[in-house]
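Since the structure is predicted, the reported quantities are computational estimates derived from the model, not experimental observations.
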Amino acid sequence: MIEVIYILWLRQLKHYWRSKARLLGSLGQPLLFLVTFGFGFGPMYTRASGGANYLDFLAPGIVSMSILFTAVFSGLEVIWDRQFGFLKETMVAPISRTEIMIGKTFGGATIAMIQGLIVLSLTYLMGFRIPSLASLAVGLIFMFLIAIFFTGLGLAIASKMKDMQGFQLIMNFLIMPIFFLSGALFPLENLPQAIYFVSRIDPLTYGVDGLRGAIAGVSVFGIYNDLAVIGLLSVLVCLIGAFMFSKIEA
């Protein structure tokens, strides 16, 4: 089982590493958000908050965004494999579909983590600082859980689809609201009740809040509450994804 998971994990990492355009292109949006929001809204945030640095607030949200998009779109590999026959070859091999799901989930999550770490390094160049190595360690746990949850979500949805364009439309319909309502770009305090309620049921909200609490020291719900929620949701979505993947038709 470990060997199967490792091979599938390694395959996704090799695809990622060999696609330099994908690696560089996926950094464009986070970098754009960091520059435009960081320098554009920074002075307004500083005045409204009484002197707080907006980059300290924004950086965890942009790191989460990078992980979110990379993780979810790892589901495209399932559709790609189905169209080119690799998925059928994998399905007829003497291995369980759960092992395939776990290998692909860990592969997609690892790639998302790498993207998140690259973006985190870019925030360091712009002036963001993590207070300690312990804070970084806790932050890495939240980054990993965000990656696992949304990779599992992307694979679960992709297991029921055969069209790449349809997958991209559905993902954009889901992912953009999930990102913008998570509090990645703006504080959750003093929001209208309807928006605040939707934000509370957004899974990414707890990942962003936990990551921000870990590496920036600002948390609305508390780090332990965030860890419990995002951890439970990650396990749940992986179980659902494994069940849906077990019913897939190559």
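In this structure, Met65 CE and Ile175 CD1 are separated by 12.0 Å, a value rounded to the nearest 0.5 Å. Taking CZ of Phe150 as the start and CG of Leu155 as the end, the distance is 13.5 Å to the nearest 0.5 Å. Between the CZ atom of Phe144 and the CD1 atom of Ile148 there is a distance of 3.5 Å, given to the nearest 0.5 Å. A distance of 9.5 Å separates OH of Tyr196 from OG1 of Thr205, quoted to the nearest 0.5 Å. A distance of 10.5 Å separates CG in Leu125 from CG in Leu120, rounded to the nearest 0.5 Å. If you take CG on Leu153 and CD1 on Ile240, they are separated by 9.0 Å, rounding to the nearest 0.5 Å.
Using a 4.5 Å cut-off on side-chain heavy atoms (C-beta onward), Lys104 and Thr151 make no contact.
Hydrophobic clustering of Ile, Leu, Val, Met, Phe, Trp and Tyr side chains at less than 4.5 Å, counting indirect connections, keeps Leu32 apart from Met176. Follow the hydrophobic side-chain contacts under 4.5 Å out from Leu211 and you reach Met126 in the same cluster. Following chains of ILVMFWY side-chain contacts shorter than 4.5 Å, one can reach Leu191 starting from Val198, so the two form part of one hydrophobic cluster. Two different hydrophobic clusters hold Ile67 and Tyr124 under the rule that ILVMFWY side chains link at heavy-atom gaps under 4.5 Å. A chain of hydrophobic side-chain contacts below 4.5 Å, direct or via other Ile, Leu, Val, Met, Phe, Trp or Tyr residues, connects Ile195 to Ile178.
Considering all non-hydrogen atoms of both residues, Ser64 and Leu204 come closest at CB-CD1, 4.3 Å. Of all heavy-atom pairs spanning Leu181 and Leu188, the tightest one is O-CD2, 4.5 Å. The two residues Ala184 and Val208 come nearest to each other via the heavy atoms CA-CG1, 4.0 Å. For Thr110 against Trp9, the heavy-atom pair with the smallest separation is OG1-NE1, 2.8 Å. Residues Ala214 and Ser135 approach most closely at O-CB, 3.0 Å, considering heavy atoms. Heavy atoms only, all atoms of each residue included: Cys238 and Thr105 are closest at SG-CG2, 4.4 Å.
Distance alone, capped at 3.5 Å, places no donor-acceptor pair between the Arg212 side chain and the Ala59 backbone. Looking only at distances, no side-chain donor or acceptor of Ser66 sits under 3.5 Å from a matching main-chain atom of Pro30. A donor-acceptor pair under 3.5 Å links the side-chain atoms of Ser234 to the main chain of Leu145, judged by distance alone. When atom types are taken as modelled, the side chain of Ser121 and the backbone of Leu117 share a donor-acceptor pair closer than 3.5 angstrom.
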Next item on the list: Step by step, work out the side-chain contact (heavy atoms from CB on, under 4.5 Å) result for Val237 and Leu233.
Entry: CA-CA 6 Å; Val237 80; Leu233 290 175; over 6 Å; no
Notebook entry, point to check: Taking it one step at a time, do Ile62 and Leu31 satisfy side-chain contact (heavy atoms from CB on, under 4.5 Å)?
Noted result: CA-CA 9 Å; Ile62 300 303; Leu31 187 59; over 6 Å; no
Notebook entry, point to check: Is there a side-chain contact (heavy atoms from CB on, under 4.5 Å) between Leu185 and Phe57 once you walk through the steps?
Noted result: CA-CA 8 Å; Leu185 303 178; Phe57 179 88; 6.0 Å; no
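Evaluated for a side chain to side chain contact (heavy atoms under 4.5 Å, CB included) with Ile215, the options Thr123, Asp56, Val138, Ile130 yield exactly one hit, Ile130.
Using modelled atom types, one finds a donor on one side chain and an acceptor on the other under 3.5 Å when comparing Arg200 with Tyr206. Between the side chains of Asp209 and Ser219, at least one donor N or O lies within less than 3.5 Å of an accepting N or O.
The 12-atom threshold is not exceeded at CG of Leu133, counting heavy atoms of other residues, nucleotides or ligands nearer than 6.0 Å.
Using cut-offs of 30° and 60° on the angle between ring planes, the pair Phe33 and Phe179 is perpendicular.
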